[in-house]
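Note sheet for the following structure.
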Amino acid sequence: MTTATQIPADQLADLANADTQRLAARMAQDVFAGVFRQAAANDGAPDVGVLGEVAAQCANWCRAGGSDEARALRLALLISGLDQWGLAYTQAFGLTAIHPLTALIGGLRTRLDAREESRFQQYFEQLDAVESDAIDFKVDLRRGIHLALWHAMAASESAEQVEAIVHTLGSLMIALDQKMPELGWRLVADALAHIQIGLLSGQAPASPLAQEGTQQLFASLRHALPDARYQAILAHSGQAVVAWQQAARSRAH
């Protein structure tokens, strides 16, 4: 695997361009953050009023798509993103469920009639099956998830907490590489580059625990991935870090 591998065309770009895809990823992140805070504050019980407002905002954004297909794709992107955030956090923090998230996703789905549900299901499955479809969404989504877990790891107060989150983060990255054999490594490299940039820029915690956890993450990936794949990931992330450093230097002059 080389970093020069061509990325196949995104078959969904006509329905949701790169900006729309990135917005969907950010919305999924923001909505999940609010839902997760609610779960923590209410002993896991959904606040029906708040969830109703959030669901209405999500539905309004989906309805702003220019066609039935575009609207179905927007909903598939949002729910796919929320699903992946939920999976990552339940694994990282040993949760059995995030009840407000389950309620929100259920509420969004129950608004659909049979035809809308069928279109939604088609795009939801296509996102999962075709690596290059909605690739801008996938890159931004996984970057957000991986960085959020890394920040949580860096803010941990014990080696046990660090180890649990690092284990989840490494497992998510390895599973991503296996699920997306052509392009998954690029998403892993992107996340690792942003982790390194966070440390170099001083914008992220640089405590001994954070540094140790980051070293554990790289070591677990090196151990679990084929050497050629790991080296490709390192090279790709290294290029991104160097480009960031050069841009930072040019801004300083």
Side-chain angles (χ1 to χ4, degrees), residues 7-39 46-90 97-148 172 176 179-180 182-184 186-187 190:
I7 299 177
D10 179 352
Q11 302 172 91
L12 298 175
D14 288 342
L15 292 175
N17 63 22
D19 287 341
T20 300
Q21 291 182 26
R22 294 187 187 109
L23 178 56
R26 286 196 296 275
M27 283 184 67
Q29 179 166 359
D30 291 344
V31 168
F32 177 78
V35 167
F36 191 69
R37 281 196 299 271
Q38 187 188 125
D47 182 320
V48 177
V50 172
L51 282 186
E53 291 177 18
V54 173
Q57 291 166 1
C58 291
N60 286 341
W61 181 73
C62 293
R63 277 197 293 269
S67 66
D68 289 343
E69 287 74 19
R71 287 186 277 275
L73 175 57
R74 285 187 177 207
L75 183 61
L77 291 169
L78 265 183
I79 290 183
S80 172
L82 291 171
D83 266 348
Q84 291 180 61
W85 273 99
L87 178 65
Y89 268 56
T90 51
I98 303 172
H99 296 296
L101 180 65
T102 305
L104 174 63
I105 291 175
L108 290 171
R109 294 284 296 273
T110 56
R111 293 166 180 253
L112 306 178
D113 63 28
R115 189 174 295 177
E116 290 168 338
E117 173 67 26
S118 176
R119 270 193 296 264
F120 160 79
Q121 199 64 42
Q122 173 196 332
Y123 287 119
F124 190 80
E125 291 172 2
Q126 186 173 342
L127 289 173
D128 196 50
V130 185
E131 291 188 38
S132 54
D133 285 355
I135 189 63
D136 291 291
F137 164 78
K138 291 171 180 174
V139 170
D140 267 38
L141 177 77
R142 296 309 293 237
R143 179 192 299 158
I145 292 171
H146 296 152
L147 281 176
L172 287 171
L176 182 62
K179 187 174 178 57
M180 297 176 65
E182 287 185 60
L183 301 177
R186 289 176 178 268
L187 276 65
D190 173 85

With no hydrogens and no angle check, do the side chains of S118 and Q122 hold a donor and an acceptor under 3.5 Å apart? no
What pairs of donor and acceptor atoms, side-chain ones from residues 28-35 against any protein atom, are under 3.5 angstrom apart with sequence neighbours left out?
none

Name each donor-acceptor pair under 3.5 Å that joins a side chain in residues 56-67 to protein atoms two or more places apart or in another chain, with its distance.
residue : atom : partner : partner atom : Å
N60     : OD1  : R63     : NH2          : 2.4
N60     : ND2  : A56     : O            : 3.3
S67     : OG   : E69     : N            : 3.4
S67     : OG   : A70     : N            : 3.1

Take R186 and I135 through the side chain to side chain contact (heavy atoms under 4.5 Å, CB included) test and state the conclusion after the steps. CA-CA 11 Å; R186 289 176 178 268; I135 189 63; over 6 Å; no
Heavy-atom closest contact (L108 atom, L112 atom, distance): O-CG, 3.9 Å
Residue pair E131 / G184: nearest heavy atoms and the distance that separates them: OE1-N, 4.1 Å
For L127 and A134, work out which heavy atoms get closest and say how close. CD2-CB, 3.4 Å
More than 12 heavy atoms of other groups within 6.0 Å of D113 CG: yes
Here the gap from L104 atom CG to I98 atom CD1, rounded to the nearest 0.5 Å, amounts to 11.5 Å
Could you check whether any side-chain heavy atom of L75 comes within less than 4.5 Å of a side-chain heavy atom of E116, counting everything from C-beta outward? no
Decide yes or no for R109 and Q121: does some side-chain heavy atom of the first lie under 4.5 Å from some side-chain heavy atom of the second? yes
How long is the straight-line distance from OG1 of T20 back to CG of L12, given to the nearest 0.5 Å? 12.0 Å
D83 and S80: side-chain donor and acceptor closer than 3.5 Å? no
Note, R115 side chain near D68 side chain (heavy atom, < 4.5 Å): no
With rounding to the nearest 0.5 Å, note down the distance linking CG in L187 to CE in M180. 5.0 Å
In this structure, CG of L73 is separated from CZ of R119 (nearest 0.5 Å) by 12.0 Å
Which atoms form the tightest heavy-atom contact between L82 and L101, and what is the distance? O-CD2, 3.7 Å
Test R143 against every option in V139, L141, I145 by the side-chain contact (heavy atoms from CB on, under 4.5 Å) rule and name the one that passes. V139
Do L172 and R142 touch side chain to side chain, with heavy atoms closer than 4.5 Å? yes
Between A76 and F124, what is the shortest heavy-atom contact and its length? CB-N, 3.7 Å
Consider side chain to side chain donor-acceptor pair (under 3.5 Å). Of Q126, K138, Q21, which one does D133 pass it with? Q126
What's the verdict on salt bridge (Lys or Arg N to Asp or Glu O under 4.0 Å) for D128 and K179, showing C-alpha distance, side-chain angles and the deciding distance? CA-CA 9 Å; D128 196 50; K179 187 174 178 57; 2.8 Å; yes
Note: L183 and S132 closest approach over all heavy atoms is CD1-CA, 3.8 Å
What residues, two or more places apart in sequence or in another chain, satisfy salt bridge (Lys or Arg N to Asp or Glu O under 4.0 Å) together with R22? D19, D136
